Amino acid sequence: MDRKRVTVPQLMEWKKSQRKISALTAYDYTFARLLDESGIDVILVGDSAGMVAMGYENTLPVTMDEMMFHTRGVRRGVQSALLVGDMPFMSYHVSEADTIQNAGRFIQEGGAEAVKMEGGSRILDKVHAVVQAGISVMGHVGLTPQSVHQFGGYRVQGKNYLDARQIKKDALDLQKAGIFALVLEGMPMELAAEITDELEIPTIGIGAGSQCDGQILVTQDMLGMNLDFAPKFVKKYSEVGEAIRSAVQNYTDEVRSGAFPDEAHSYHLKKEKLRSIGNNSR
Ligand code: KIV
């Protein structure tokens, strides 16, 4: 199917026309192609790559070089979706110059069209600097996984008045700093609805209820591939993990029994060639 490329202004238009935005994560070419061909609007190369693709305990060890590796692979598989690269921990926390340089790597080396940065008031100056450098920034507030140690675990944020007020203020300040969209993660749906209502830019929720302008999930979670992770907000649209296990068990059984490869999956030499091989070997 031929689709037009999804752009940053397009997402803003969709907010106005109340057309919901679908987003998923990808970390490699094969998945990126499948998602893109299925009509997804936004593909995020999330730093969740650290857990999903690399098996780290959290996203904190992920480096810029690792994100470049994943982003380049995803880029080759994406024709239409808007491609957003997730800036990893410590890639936008030190100086403005380093922040701009790292954001620029996502665009130049990775081929992304935008970057995502986690946090509110503490990173406003960095967000502003990247936007001023001409790079589109997606914000991310609420349960921001790079702050897992400060939160004391992956806990829903904004459950009391002061926290909720701070998250809302962060959202408004980020909009002022120039972000084009905002991920709202792990917060009561009432708070996400209020923020979505007040912002002119689209919100993309994950564990933030149905009133956001769009939704994002980690692809492997919604496909049922992450067998030890089942939080309330993840809906499983498939049981791909079970399908893979069963296919691999079948394959192993058939290899061991000699049932694979059978005739249908083997090549033959033409009869004349068979004869000449026979002659040569004598
Ligand atoms: O890293 C990630 O995958 C994310 C999304 C799930 C929002 O930040």
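Predicted model, so just to flag it, every value in this text is computed and none were measured. Remember, it's 1-based here, ligands and their atoms both numbered in the order they're listed.
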Visitor: Salt bridge check, R75 against E113: does any charged N sit closer than 4.0 Å to a carboxylate O?
Guide: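 Looking at E113 and R75, the cut-off is met.
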Visitor: What's the shortest distance from atom 5 (C) of ligand 1 to any protein heavy atom, and which residue and atom give it?
Guide: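 Among all protein heavy atoms, the one nearest atom 5 (C) of ligand 1 is L44 CD2, 3.6 Å.
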Visitor: Mind running side chain to side chain donor-acceptor pair (under 3.5 Å) on D47 and Q146 for me, showing each step along the way?
Guide: CA-CA 9 Å; D47 65 349; Q146 289 173 15; 2.7 Å; yes
Visitor: Does ligand 1 have an atom that lies less than 4.0 angstrom from a heavy atom of K116?
Guide: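 It does; at least one heavy atom falls under 4.0 Å.
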Visitor: Which atoms of ligand 1 sit under 4.0 Å from any heavy atom of G46?
Guide: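 With G46 as reference, the close atoms of ligand 1 come out as 1 (O), 2 (C), 3 (O).
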Visitor: Quick test: of every protein heavy atom, which one is nearest to atom 3 (O) of ligand 1, and how far off is it to 0.1 Å?
Guide: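 Looking only at protein heavy atoms, the one closest to atom 3 (O) of ligand 1 is S48 OG, 2.5 Å.
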Visitor: Could you tell me whether the side chains of T71 and Y27 share a donor-acceptor contact shorter than 3.5 Å?
Guide: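 Their side chains do not contain a donor-acceptor pair, so the 3.5 Å distance test is not met.
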Visitor: Less than 4.0 Å between a side-chain N and a carboxylate O, is that true for K168 and D173?
Guide: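 Here D173 does not pair with K168 in a salt bridge, since their nearest N and O are not under 4.0 Å apart.
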Visitor: Could you report the tightest heavy-atom contact between V78 and D36, atom names first, then the distance?
Guide: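 Closest pair (atom of V78, atom of D36, distance): CG1-OD1, 3.5 Å.
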Visitor: What atoms in ligand 1 come closer than 4.0 Å to a heavy atom of T25?
Guide: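 In order of number, 3 (O).
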Visitor: Between D41 and K20, does at least one N-O distance fall below 4.0 Å, as a salt bridge requires?
Guide: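 Salt bridge: no.
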Visitor: Check ligand 1 against D86 and write out every atom of the ligand that is under 4.0 Å from a heavy-atom position of the residue.
Guide: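 Answer for ligand 1: 1 (O), 2 (C), 8 (O).
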Visitor: Give me the nearest non-hydrogen protein atom to atom 6 (C) of ligand 1 as residue plus atom name, then the distance to 0.1 Å.
Guide: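 Result: I206 CD1, 3.7 Å.
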Visitor: Please classify the H140 to ligand 1 contact at 4.0 Å (heavy-atom distances, strictly less than): side chain, backbone, both or neither.
Guide: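 Contact part for H140 vs ligand 1: side chain (C-beta onward).
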